[in-house]
Number of protein chains: 2
Amino acid sequence: MGADEQGGDDDLALDRQVCFPLYAASNLITRLYRPALAPLGLTYPQYLVMLVLWESSPESVGGLGERLHLDSGTLTPLVKRLEAAGLVTRRRDAADERRVLVDLTGAGRALKAKARNIPKTLGAGLHLDASEVEELRETVTRLVGLIAAAEP
Amino acid sequence: MGADEQGGDDDLALDRQVCFPLYAASNLITRLYRPALAPLGLTYPQYLVMLVLWESSPESVGGLGERLHLDSGTLTPLVKRLEAAGLVTRRRDAADERRVLVDLTGAGRALKAKARNIPKTLGAGLHLDASEVEELRETVTRLVGLIAAAEP
DNA sequence: GGCAATTAAATTGCACGCAATATATCTGCA
DNA sequence: TGCAGATATATTGCGTGCAATTTAATTGCC
């Protein structure tokens, strides 16, 4: 142990970080999805918003943000792009004029059919067995819960 | 199973995706590190570059990119900001003028002392036991390897 | 009812990330 | 030697992410 390693062997080694592989995995996944999403005219974050809406719509901007851990600074312009693409509509909630409700158009709903095989197609290329994927998903989901709970 | 669920129960449910928790975890971690890195004047990606340089410097832009899975489009402006902050120098490699070598300044090297307790401080807040963290790190690292290998 | 505090979105400004492209340098081979 | 192809970095353009601020609407409390 060198004289400059008072914090332990070397806590600052890149290969010791948990944060870094998560960061790298996220970037790599965005890159991996790009060619599959390009024919649908979607970016990866836009795809996530569509996943939420395909499950339940209309949804407020805040609702989308809570689900995806994103704020209005990210979602407002993103949803406007989806609106410009004709996939969603935006309207003020009559019951609470502060809210904006994002809803699917016919084209937005129809896009789900084109997206259906994306998870299977992209998952297959990784050669991870199902149980391993499931465990990874659960562990990272729990981590997300922990970090989100630790937030202000 | 509904008539619109031909791809399985619903492969497009957000909670079924492995990609999403990784994406969310990455964003949340960046947010989590921000207040700890602010006193050092670093963003999270800048911190990762410094981690690499603290391990071995000088390093070429390409070397940084290979280690962090980033390209010159991201690294060039980032490293220039580190240079403007007085933490690194940039110079052409005399042996191969195409390369740019990024090296630590005295201030850059000195910053390591201030960063030393960051991993422990931030890790402690998550209340995950060490073995669990280790397993998560290994699994995600393996995933990163798989996706990176699948890349062109 | 009325006003302060809260809440929901939108806006602004900055730093990524990356595809596509441009520029400069090097390597290999005729 | 000289030149075509490959390689390393830089640049451009666009879409995020997010802190900080602004604007508009609602709630709570008197």
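Atoms considered below: every heavy atom in the structure, side chains included; atoms not considered: hydrogens, waters and symmetry mates.
Residue-level contact check: G62(A) touches the backbone only, with heavy atoms under 4.0 Å from sugar-phosphate atoms and none from bases. Nucleic acid contact for S60(A): sugar-phosphate only, since backbone atoms but no base atoms lie under 4.0 Å from a heavy atom of the residue. At a threshold of 4.0 angstrom between heavy atoms, the contacts of R81(A) include nucleobase atoms, whether or not backbone atoms are also involved. Residue L70(A) is classed as a sugar-phosphate contact, given heavy-atom separations below 4.0 Å to backbone atoms only. Residue D93(B) is classed as having no contact, given no heavy-atom separation below 4.0 Å to the nucleic acid.
Using a 4.0 Å cut-off between charged nitrogen and carboxylate oxygen, R16(B) and D11(B) count as a salt-bridge pair.
When the nearest nucleotides of DNA chain D are assigned to A95(A) and L78(A) by heavy-atom distance, the more 5′-ward of the two goes with L78(A). Between S72(A) and A94(B), the residue anchored nearer the 5' end of DNA chain C, judged by the nucleotide with its closest heavy atom, is S72(A).
Side-chain N/O atoms of R98(A) and base N/O atoms of dT26(D) include no donor-acceptor pair closer than 3.5 Å.
The structure places CD1 of I29(B) at 4.5 Å from CG of L22(A), a figure rounded to the nearest 0.5 Å. Between the CG atom in L146(A) and the CG atom in L32(B) there is a gap of 11.0 Å [rounded to 0.5 Å].
As a whole-Å value, the separation of D96(A) CG from dA24(D) C1' is 11 Å. The CG atom of D71(A) sits 10 Å away from the C1' atom of dA9(C) (whole-angstrom rounding). Distance R34(A) CZ to dA20(C) C1': 11 Å, rounded to the nearest Å. Look at CZ on R31(A): it is 10 Å from P on dG17(C), rounded to the nearest Å.
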R67(B) and E55(B): CA distance, side-chain angles, deciding distance, side-chain contact (heavy atoms from CB on, under 4.5 Å) verdict
CA-CA 12 Å; R67(B) 201 74 198 283; E55(B) 269 185 64; 3.7 Å; yes
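Taking side-chain N and O atoms only, Y23(A) has a distance below 4.0 Å to OP1 or OP2 of dG17(C). Here T74(A) does not reach the OP1 or OP2 of dG17(D): none of its side-chain N or O atoms lies under 4.0 Å away. For Q46(A), no side-chain nitrogen or oxygen approaches OP1 or OP2 of dG15(D) to under 4.0 Å. One finds a side-chain N or O of T43(A) lying less than 4.0 angstrom from the OP1 or OP2 phosphate oxygen of dT16(D). Taking 4.0 angstrom as the limit, K80(A) places a side-chain polar atom (N or O) nearer than this to OP1 or OP2 of dT11(C). Between R92(B) and dT9(D) there is no side-chain N or O to OP1 or OP2 distance below 4.0 Å.
Of the listed nucleotides (dA9(C), dC18(C), dT26(D)), dT26(D) has the atom at the smallest distance from the side chain of E97(A). The side chain of T76(B) lies closest to dA10(D), out of dG17(C), dA25(D), dA10(D).
Other residues, nucleotides and ligands contribute over 12 non-hydrogen atoms within 6.0 Å of the CD atom of E138(A).
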